[in-house]
Amino acid sequence: MDGFSGDVDLEDLDLDSDADDSGEADEASRGLFDDLLEGEPIFENKEVLRPSYTPHKLPHREEQINNMATILVTALRGETPSNILIYGKTGTGKTASAKFVSEELETTSQKYEVPCEVEYINCEVTDTQYRVLAQLANKFIDKNGRYIENRLEELGDLRDRAAEDPAELDDTDFDSVAAVENEITSLESDLEEFDPVPMTGWPTDRVYSTFFDAVDYHERVVVIMLDEIDKLVEKSGDDTLYNLSRMNSELDNSRVSIMGISNDLKFTDFLDPRVKSSLGEEEIVFPPYDATQLRDILQHRAEIAFKSATLSDDVIPLCAAFAAQEHGDARRALDLLRTAGELAERGRTETVEEAHVRKAQEKIELDRVVEVVRTLPTQSKLVLYATILLEKNGVHNINTGEVFNIYKRLCQEIEADVLTQRRVTDLISELDMLGIVNAIVVSKGRYGRTKEINLSVPLDETEAVLLSDSRVGEVEDAQPFVQARFDN
DNA sequence: TATCCACCGGAAGGTCTGGACT
DNA sequence: AGTCCAGACCTTCCGGTGGATA
């Protein structure tokens, strides 16, 4: 899941922005929502355009899906499937395909009564060894709880029947009613033993053994799906993967298989060779979609999402073309289409036109920037604000020293802690990675080596977002700081 | 050609928070 | 109350560096 794809939801609340509220004040009796409700809606079912929607059909991914299924089918025979690594850029359908396959796997396993479970973890959110293990442990403790409750129900039933007719025990593992009673008591005590793992506080090895015990509690094949696995490795090394991949040799009852999903083709370079070979037993690559394929996907979803004849002919090809430029990102294409539809709806037009797509493209980008900037920590905001002030005064190719000077003055003004230049360098690099600034290291010969920083987002909008922060907003007139820079 | 600027960026370690355990 | 642990966020230290200039 990525709740962070820039799809800020304005459609319901943001009525005063660019909606056509050209004031029909005479119709005082009309409620706020009446107009909006009455307009001929363009959407039939908008949900299918959202990233959270898992489609039942994934065009142009049949090959990858078949591959996955071929590997995972061993789970249904009660054997351990090979570990799988899935590669592909964002929006190439990795997660959707993997989720689709795992859902199928779980339903089939129920049909044939082979115990097989899939657990999904997004490592962008859960990005430390402790958290991954704790989350997995808790999920399995939960499942075990349910498993025990079911089993207790069955056994209770069996006990009652056996009390009347001992022949009921013939086909079971129990030879007497007392044996059933024993099993029930032991299960009941097991149920009490399972404590959930707290968010923090335990030593990691304890979390690991809790997780281990929970998985091994009864016979089953477990597939652990680690989405954005590269983020996990980047942040906390390969310990987690090492532990997970060698689990099988110690498990008595269950089998574990790992399915890693990565955006980064080269992330295995950072791995311990043992982990690398065990994890990459099978590799599946999801190539980016090309414009034609994106068009197919959009066409397919648009048929469900929009009312008929509401899309003009060039809308889908244009969305596909825009998204194909962004490395064939289908999620982006769907976002564009949805936003274009929303803009058309708000503009009270009956069809979605090419212009709406272009507007949507701008809006999505701006929304992303606003969201990223808004959620920045105060110190980063100050660093960014310093950059903006310089840029506003016509300084281009700003270097670290200049940013740091302005930043220091800003901090003094609002009485915030002043970080060291070393730390500020890191914050600048972070802003660079977020795509808010563009910082490249250049050498100016005799005049040193520094970063050359340029803003890569719209200046005024970004400044407005920064100033809406309660701390940063305290800087009333920043002009003197910049002026001081020119003075000395 | 050697020098030297103005910072880069890795490593290591400190401090604080928030929680569990004894 | 005191101890332990993980993790976030910083600081300190310091070797490294590309290329204009003396």
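Just so it is clear, the structure is predicted and the values come from calculations on it, not from any experiment. Order of the sequence lines fixes the chain letters, A, B, ..., with proteins taken first and strands second; residue numbering starts at 1 for each chain.
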**Asked** Which listed nucleotide (B:dT3, C:dA8, C:dC10) is nearest to the side chain of A:R423?
**Response** C:dC10
**Request:** Return no unless some side-chain N or O of A:K451 is found under 4.0 Å from OP1 or OP2 of B:dG9.
**Result:** yes
**Request:** With A:V215 as reference, evaluate A:N144, A:T210, A:V222, A:I224 under the side chain to side chain contact (heavy atoms under 4.5 Å, CB included) test and give the passing residue.
**Result:** A:V222
**Item:** Out of B:dG19, C:dC5, C:dT12, whichever nucleotide has its closest atom nearest the side chain of A:T420
**Value:** C:dT12
**Request:** Test A:E119 against every option in A:R220, A:K139, A:K99 by the salt bridge (Lys or Arg N to Asp or Glu O under 4.0 Å) rule and name the one that passes.
**Result:** A:K139
**Request:** Please confirm whether the backbone N or O of A:P196 pairs with a side-chain atom of A:N138, one donor and one acceptor, at under 3.5 Å?
**Result:** no
**Prompt:** Looking for any heavy atom pair under 4.0 Å, which part of the strands does A:V197 touch: base, sugar-phosphate only, or nothing?
**Reply:** nothing
Filtered N/O pairs between nucleotides 15-18 of chain B and protein, under 3.5 Å:
from   : atom 1 : to     : atom 2 : distance (Å)
B:dG18 : N2     : A:T200 : OG1    : 3.2

**Message:** Using whole Å, what does the distance between atom P of nucleotide C:dA8 and atom CG of A:L427 come to?
**Reply:** 15 Å
**Message:** Tell me the interatomic distance from A:I428, atom CD1, to B:dG9, atom P, rounded to whole angstroms.
**Reply:** 11 Å
**Spacing of A:I453 atom CD1 relative to B:dC8 atom C1', expressed in whole Å** = 12 Å
**Request:** Please report, rounded to the nearest Å, how far the C1' atom of C:dC9 is from the CD atom of A:Q379.
**Result:** 10 Å
**Item:** Interatomic distance, A:F404 CZ vs B:dA6 C1' [rounded to whole Å]
**Value:** 13 Å
**Request:** Name the closest nucleotide to the A:S443 side chain, picking from B:dC7, C:dC10, C:dG19.
**Result:** C:dG19
**Asked** Between atom CD in A:Q421 and atom C1' in C:dC13, what is the gap in whole Å?
**Response** 15 Å
**Request:** Quick one: pull up CZ in A:R301 and CD in A:E47 and give me the separation to the nearest 0.5 Å.
**Result:** 11.5 Å
**Message:** Between A:N263 and A:D230, do the side chains contain a donor N or O and an acceptor N or O under 3.5 Å apart?
**Reply:** no
**Message:** Any salt bridge linking A:R368 with A:E371? Criterion: basic side-chain nitrogen under 4.0 Å from a carboxylate oxygen.
**Reply:** no
**Request:** Please check the phosphate of B:dA6 (OP1 and OP2 only) for any side-chain N or O of A:T450 closer than 4.0 Å.
**Result:** no
**Request:** Write down the distance between CD (A:E452) and P (B:dC7), rounded to a whole number of angstrom.
**Result:** 12 Å
**Message:** Nearest whole Å is fine: how far is C:dC9 P from A:L419 CG?
**Reply:** 11 Å
**Salt bridge A:R338-A:D335, side-chain N to carboxylate O under 4.0 Å** = yes
**Item:** C:dT17 base / A:R449 side chain donor-acceptor hit below 3.5 Å
**Value:** yes
**Request:** Tell me which nucleotide among B:dA20, B:dG9, C:dT21 gets nearest to the side chain of A:P198.
**Result:** B:dA20
**Message:** Regarding A:T95 and A:D227, do their side chains bring together a donor and an acceptor under 3.5 Å, going by distance alone?
**Reply:** yes
**Message:** Let's see if you can work this out: which of B:dA20, B:dC7, C:dA22 has an atom nearest to the side-chain heavy atoms of A:W202?
**Reply:** B:dA20
**Message:** Given the structure, check if the side chain of A:R422 and the base of B:dG10 hold any donor-acceptor pair shorter than 3.5 Å.
**Reply:** yes
